[in-house]
Amino acid sequence: MSDSAVTGETVLIKNVLLYGEGEPTDVLLGDGVIVAIGADAGKDSGPDAEVIDAAGQILLPGFVDLHTHLREPGREDTETIDSGSAAAALGGYTAVFAMANTSPVADSVVVTDHVWRRGQEVGLVDVHPVGAVTVGLEGKQLAEMATMASGIGRVRMFSDDGHCVYDPLIMRRALEYSSSLGVLIAQHAEEPRLTVGAVAHEGPTAARLGLAGWPRAAEESIVARDALLARDAGARVHICHASTAGTVELMKWARGQGISITAEVTPHHLLLDDSRLETYDAVNKVNPPLREASDVAALRAGLAEGIIDCVATDHAPHAEQDKCCEFAAARPGMLGLETALSIVAQTMVRTGLLDWRGVARVMSERPAEIVGLDDQGRPLEVGEPANLVLIDPDAEWTVHGPDLASVAHNTPYESMTLPARVTTTILRGRITASDGQARVPARNGRG
Ligand code: DOR
């Protein structure tokens, strides 16, 4: 279980559907855990309990994001641990993993411990630091993984995300060390020699628009290579932001060989394709790039079948000047935390590919398992940690970048009306977001 303190708050959730199934019931939370479930759950709730009428709503375990860029330290003009935590809570997340490509890079225990501590001070979501695999993300020398893993931030996932650990010997050593440390290596699969100058998916659209192409093989060749390296090292490897149909096929093959390989897909790769590039609006520039409709279909099917394990946002805030410029010069990445549930609802639930129990699996249970968090992604049962999210499946809302909690506004879903909305997020029994407002705990002095 988590080292963090539980709160003494009591919350009574009334008339809620657990996993969207069965009959509505009541759920009592206290001391950070689920205390009772059933029609009489509220009988001991006491006069101070906060009561939520959740008629028509669904209760799921809180979401876990294995791939978030919070930009602190270094680019606080685009996101901070504070603003990113608010975005996470509003998106239904109770734990996020903050990627290491900050400035300075999170390749030392000083930075990784700072990220964890700052997240705990803010108190809206557990911000787990991701440590860099290599010093400065340069791909040349392994970072001090053991020191970061044994720090206060207890780093359990390492990634050079934004860059590929492209040298096969360095990757092999990283996998060997990770296996002895019991930590996870998450690979940004991009063979850099194949993507020199690339800004868009290599295909007919990029060719017509005159944009330099990023071939599928740049991703797939690294996925295949790393599956083999993980096999030989007896290690686990996790593939960040899978984006091609070929990656789904390779995952299927590797699993069939008994290789310990897992993969995530982003909401944007589940919804958008490279036809979005027609406008040359760099809000659609992302790495890996938006692919073709056939890739989108394969990713959805792979996620439904469990070949792709989970959804991870790759929430990547960028300043206006880094996006509102010519396509080639713009930075890749898009906001994702507050819209992830709605995109999954649109692409996976409304299409019949997943039910709400399936959403719990891909947004909470599997990511928690992959990274070994034992207080997240737990069953909705008495005695379990109260890390929870309430969802209104019938809500519709229209995305407006400036209304999002992030400092940056680079959402590709601007003005889109999307289904399903997080109404309440609960971290260790305390409400962290409710009706579109993050609820900062009083103890951090900014409530
Ligand atoms: O689009 C992306 N943006 N992909 C990455 O791998 C990195 C990220 C960022 O840091 O902006």
Side-chain angles (χ1 to χ4, degrees), residues 1-13 16-20 26-37 41 49-50 52 54 57-68 81 84-98 116 119-128 153-154 156-157 310-313 337-338 340-341 344 356-357 359-391 422-434 438-441 443:
M1 294 291 146
S2 160
D3 306 332
S4 305
V6 294
T7 73
E9 290 180 35
T10 306
V11 176
L12 178 62
I13 306 169
V16 73
L17 288 171
L18 307 189
Y19 301 104
D26 295 352
V27 179
L28 181 67
L29 316 177
D31 284 331
V33 299
I34 300 175
V35 175
I37 299 177
E50 177 157 357
I52 300 172
Q57 297 186 37
I58 292 169
L59 187 66
L60 299 183
F63 302 146
V64 175
D65 190 13
L66 295 184
H67 195 142
T68 311
I81 291 172
S85 293
L90 289 163
Y93 289 90
T94 47
V96 298
F97 283 75
W116 169 255
Q120 291 298 294
E121 276 166 24
V122 175
L124 290 172
V125 61
D126 285 345
V127 179
H128 292 277
R154 290 181 53 201
R156 52 189 86 223
M157 178 159 94
C310 64
V311 173
T313 65
L337 284 168
E338 288 183 66
L341 170 76
V344 171
W356 289 102
R357 198 173 274 270
V359 173
R361 172 168 63 80
V362 301
M363 294 190 73
S364 177
E365 294 162 6
R366 276 304 283 148
E369 275 166 19
I370 287 169
V371 82
L373 286 185
D374 56 10
D375 62 342
Q376 300 282 348
R378 301 292 305 164
L380 301 178
E381 287 171 10
V382 170
E384 293 288 354
N387 295 322
L388 304 167
V389 58
L390 275 167
I391 292 160
V422 169
T423 62
T424 310
T425 308
I426 299 170
L427 176 66
R428 286 184 283 281
R430 203 187 71 74
I431 296 174
T432 52
S434 166
R439 280 206 211 170
V440 178
R443 67 181 154 78

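All residue numbers refer to positions in the sequence shown, counting from 1.
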Exercise for the section: Please examine the side chains of Val382 and Val35, heavy atoms only from C-beta on, and report whether any two atoms are closer than 4.5 Å. Expected result: no

Handout entry: Among Leu59, Leu17, Ile58, Leu18, side chain to side chain contact (heavy atoms under 4.5 Å, CB included) partner for Trp356
Key = Ile58

Handout entry: salt bridge (Lys or Arg N to Asp or Glu O under 4.0 Å) against Arg366, all qualifying residues, sequence neighbours excluded
Key = Asp309, Glu369

Fill in the blank from the handout: Taken in chain and number order and not counting sequence neighbours, the residues that satisfy side-chain hydrogen bond (donor to acceptor under 3.5 Å, both in side chains) with His67 are His69, Asp161, Glu264, Asp314

Exercise for the section: Please tell me if the side chains of Leu29 and Ile34 come closer than 4.5 Å, counting only heavy atoms from C-beta onward. Expected result: yes

Practice task
Check each of Arg156, Arg428, Arg154 against Asp126 using the salt bridge (charged side-chain N to carboxylate O under 4.0 Å, His left out) test, and report the only one that passes.
Solution key: Arg428

Problem - Under 3.5 Å: donor-acceptor pair, side chain of Thr432, backbone of Thr425 - result: yes

Practice task
Check whether any side-chain heavy atom of Val16 sits under 4.5 Å from a side-chain heavy atom of Asp26, and report yes or no.
Solution key: no

Problem - Sequence-distant partners of Val362, side-chain contact (heavy atoms from CB on, under 4.5 Å), two or more places apart - result: Leu303, Val311, Leu354

Handout entry: Residues that Thr423 engages under side-chain hydrogen bond (donor to acceptor under 3.5 Å, both in side chains), provided they are two or more places apart
Key = Gln57

Practice task
Verify the distance criterion only: is there a donor paired with an acceptor across the side chains of Gln376 and Thr94 at less than 3.5 Å?
Solution key: yes

Practice task
Kindly write out the residues that satisfy side-chain contact (heavy atoms from CB on, under 4.5 Å) with Ala340, not counting sequence neighbours, or none if the list is empty.
Solution key: Tyr93, Pro267, Thr313, Met363

Fill in the blank from the handout: Those residues at least two apart in sequence (or on a different chain) that pass side-chain contact (heavy atoms from CB on, under 4.5 Å) with Ala87 are Leu337, Glu338, Ala405, Ser406

Problem - Heavy-atom donor-acceptor pair, Arg430 side chain to Arg439 backbone, under 3.5 Å - result: yes

Handout entry: Minimum side-chain heavy-atom gap Leu60-Arg357 below 4.5 Å
Key = no

Exercise for the section: Check side-chain contact (heavy atoms from CB on, under 4.5 Å) between Pro61 and all other residues, then give those that pass, not counting sequence neighbours. Expected result: Tyr19, Ala360, Ser364, Glu365, Leu380

Handout entry: Min side-chain heavy-atom separation Phe63-Asn387 under 4.5 Å
Key = no

Exercise for the section: With sequence neighbours left out, write down each residue that passes side-chain hydrogen bond (donor to acceptor under 3.5 Å, both in side chains) with Thr68, or none if nothing qualifies. Expected result: Asp65

